[in-house]
Asker: 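Sharing a structure with you now.
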Amino acid sequence: EHHHKVYNWIKSLRPDLLIANHTEFREGLVRQESNTAIERPLPHWQYSASDNTKWVTSSYPEMVSSNTTVDFIDFPYRHVAVSPDQQALRLAQDLANGGGIDYYLIGRLDNHEDKSGYEGIRRIFHYHAAHEQDYGQLTSRATIALLNGPDADRDEYQGWFRFLVENHYLFDVLMVDTALELPWDKYEAVIVPNLQPLSDALADRIDRFAEAGGTVIAVSQAGLQTDAYVKRNAPALHCLGIERINRVRSDMRASYLKIGGDDAFQRFPVTDLIYLDGNYVYADYAAQTALHLKLVPPHNFGPPERCYYTQVTNHPGFTVHPFGQGQGIYIPWEPGKLYRRQGYTNTLDFVADVLEHVARLRPVKGNLSPMVEVTLFEKRDGSHQLLHLVNGSGHFGVSFFAPVTMVDVQIEVPRQAKPRAVESLVTGQTYPFDIQGDTLRVTVPRLELFDALKIVP
């Protein structure tokens, strides 16, 4: 009550002020930090600025996202800056995801003892100032929603964030506290990445989304708790076709999923196994639920002449359940957490095939590297769209270097009408394009840190 009283009093005096981080009022700004800390577990979250900005612009469309790049390594080392390329990447990610840009240090600009980041920061601030009118009042054109919240499984969520970015899907991040308020009609799929506490109302909304023709992808123990953290006796999401949870097993080391000629897995022409680790949910499924892949449970490992698996079960690697006009896809293990921790293409390719060939979702195509992030926003007055390409190839291990320059980058974006022009706000050039069917094809001659393609209808 005191919180509301103070907020309303200030706004009554100065209604023109933007007040920070009061998301319950759905107005003002959200200010966050892309920062580092000397004792924080590695690796660095390379999509920090994209993540911070995306959940604000997706979930609080009337609020301004101001995600800052923190100049220094940590408070004890506030006089030394992080990599200049790391700072520039953060600002490019801010812009690409519909937010403002922000730079923060402790002290003064003029006598700061490490000015290494200044040039890149100055360049992007000048760019943003020159194109301020192009960036204001943008709304996302994403077709996938990734659920998140304060009680999310952070590693699983970040793994799915990477799956979507690195396979070039256009997606929003919906926070659970606003998900019920926002329209979902633009989404083809909603992903619930092991987000265990779900309210009855949100679970019902997800089911109704599937029933109306959408695809729901849920992972591991998603929805097995109420929003009051009470364990449910039955899964909350009926669209998944799960009748009963029998056991959640955590000791799955040395287990696999056998592909066995499943036509959906086109990225595994010479690979028969998908490895898994961590939790696996043993469940009973409804009769109409299709089980895919076969679990090879944990077994002895060592010299192949002495240690090998002898059991291939019918427990699935994922399931598909028709529900109304849509479907529920359930993954009873945790690929996001595994990919976030280990990063192998074996896991990335599994999810990519599920998204493209099972869920039938369309990514942005072309010859894009997985290290290029793609976003698409539209001016609310319909005057243009902004297609961003952010080159993250400078991220290497725990370091950030200048991105590798890419040439003749080809992008294929689903689009209904032929535009009048495709212009680069970064280079000032007009890029060649064509329309084939419902796909816009554009060639970017040279991609350095980022490009912003203004698509004029």
Side-chain angles (χ1 to χ4, degrees), residues 1-35 47-72 87-109 117 121-142 145 148-150 172-183 375-386 388 390 425 450 452:
E1 291 174 358
H2 178 72
H3 197 190
H4 281 250
K5 183 178 180 180
V6 171
Y7 183 92
N8 291 328
W9 178 69
I10 294 172
K11 291 294 286 186
S12 71
L13 297 175
R14 288 289 303 275
D16 58 315
L17 289 181
L18 285 181
I19 299 177
N21 299 345
H22 287 57
T23 55
E24 66 270 33
F25 296 99
R26 309 297 195 254
E27 63 181 16
L29 75 151
V30 178
R31 189 172 190 277
Q32 300 180 85
E33 295 185 0
S34 288
N35 58 30
Y47 299 114
S48 170
S50 294
D51 186 3
N52 286 351
T53 304
K54 191 183 286 287
W55 71 256
V56 177
T57 58
S58 303
S59 301
Y60 304 92
E62 300 307 317
M63 300 188 76
V64 175
S65 171
S66 186
N67 181 67
T68 191
T69 173
V70 177
D71 180 79
F72 49 84
Q87 302 210 58
L89 177 63
R90 291 166 174 171
L91 295 180
Q93 290 177 350
D94 287 343
L95 291 177
N97 286 280
I101 53 177
D102 192 317
Y103 171 61
Y104 157 50
L105 55 74
I106 296 176
R108 285 168 26 193
L109 289 167
I121 291 161
R122 181 188 295 113
R123 186 169 58 251
I124 296 179
F125 266 81
H126 280 225
Y127 164 83
H128 190 216
H131 300 286
E132 180 179 1
Q133 297 305 314
D134 294 314
Y135 278 91
Q137 299 294 310
L138 297 176
T139 185
S140 167
R141 296 286 294 174
N148 191 19
D172 291 338
V173 173
L174 296 188
M175 302 299 282
V176 293
D177 66 326
T178 61
L180 291 172
E181 303 170 13
L182 300 169
T375 64
L376 181 63
F377 281 76
E378 185 171 63
K379 193 83 168 174
R380 291 185 184 180
D381 63 7
S383 59
H384 67 266
Q385 293 182 340
L386 279 183
H388 275 86
V390 179
L425 299 184
F450 77 102

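All residue numbers in this chain count up from 1 along the given sequence.
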Asker: Where do Glu33 and Val70 come nearest, in terms of heavy atoms and distance?
Answerer: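 Result for this residue pair: OE1-CG2, 3.6 Å.
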Asker: To the nearest 0.5 Å, how far apart are CE in Met63 and OG1 in Thr57?
Answerer: 12.0 Å
Asker: Determine whether Tyr103 and Leu91 make a side-chain contact, defined as any pair of heavy atoms from C-beta on separated by less than 4.5 Å.
Answerer: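 A side-chain contact is absent here, since even the closest heavy-atom pair is not under 4.5 Å.
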Asker: What do you reckon, are the aromatic ring centroids of Tyr7 and Phe25 less than 6.0 Å apart?
Answerer: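 Between Tyr7 and Phe25, the centre distance is under 6.0 Å.
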Asker: If every non-hydrogen atom of Gly28 is compared with every non-hydrogen atom of Leu18, which pair is closest and at what distance?
Answerer: CA-CD2, 3.6 Å
Asker: Taking side chain as C-beta onward, heavy atoms only, is Asp94 less than 4.5 Å from Ile124?
Answerer: no
Asker: On a heavy-atom basis, which atom in Asn97 and which in Ser50 lie closest, and how many Å separate them?
Answerer: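 That closest heavy-atom pairing would be ND2-OG, 3.2 Å.
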Asker: How long is the gap from CG on Leu105 to OG1 on Thr69, to the nearest 0.5 Å?
Answerer: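 Answer for the CG-OG1 pair, Leu105 versus Thr69, is 10.0 Å.
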Asker: Is there a side-chain contact between Thr23 and Met175 in this structure, where contact means two heavy atoms from C-beta onward sitting under 4.5 Å apart?
Answerer: no
Asker: Going by side chain to side chain contact (heavy atoms under 4.5 Å, CB included), Tyr60 matches just one of Thr178, Leu182, Leu29. Which one?
Answerer: Thr178
Asker: Do Trp55 and Val30 have side chains that approach each other closer than 4.5 Å (heavy atoms only, starting at C-beta)?
Answerer: yes
Asker: Is it the case that the side chains of Asn67 and Ser65 hold a donor-acceptor pair, with the cut-off being a distance below 3.5 Å and no angle test?
Answerer: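 Note: Ser65 and Asn67 side chains miss the donor-acceptor criterion.
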Asker: Heavy-atom distance under 4.5 Å between the side chains of Glu27 and Glu62, does that happen here?
Answerer: no
Asker: Starting at OH of Tyr104, measure out to OG1 of Thr68 and round the result to the nearest 0.5 Å.
Answerer: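 Nearest 0.5 Å value for the OH-OG1 distance: 8.0 Å.
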Asker: Quick one: pull up CG in Asn148 and CG in Asp177 and give me the separation to the nearest 0.5 Å.
Answerer: 10.0 Å
Asker: Using a strict threshold of under 4.0 Å (side-chain N to carboxylate O), is an ion pair present between Arg141 and Glu378?
Answerer: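 Looking at Glu378 and Arg141, the cut-off is met.
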Asker: Could you walk me through whether Thr53 and Gln93 pass the side chain to side chain contact (heavy atoms under 4.5 Å, CB included) test, one step at a time?
Answerer: CA-CA 8 Å; Thr53 304; Gln93 290 177 350; over 6 Å; no
Asker: Testing Leu425, Leu95, Leu386 one by one against His131 for a side chain to side chain contact (heavy atoms under 4.5 Å, CB included), which residue passes?
Answerer: Leu425
Asker: Counting C-beta onward and ignoring hydrogens, is there a side-chain heavy-atom pair between Thr375 and Ser140 closer than 4.5 Å?
Answerer: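 They are not in contact (no side-chain heavy atoms under 4.5 Å apart), so the answer is no.
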Asker: Quick check for you: to the nearest 0.5 Å, what is the distance between Asn21 atom CG and Arg31 atom CZ?
Answerer: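 Atom-to-atom, Asn21:CG and Arg31:CZ are 9.0 Å apart.
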Asker: Do Pro61 and Thr139 have side-chain heavy atoms sitting under 4.5 Å apart?
Answerer: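 No - every pair of side-chain heavy atoms lies 4.5 Å or more apart.
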Asker: I want to check something: taking the side chain as every heavy atom from C-beta on, are Gln137 and Asp381 in contact at a cut-off of under 4.5 Å?
Answerer: no
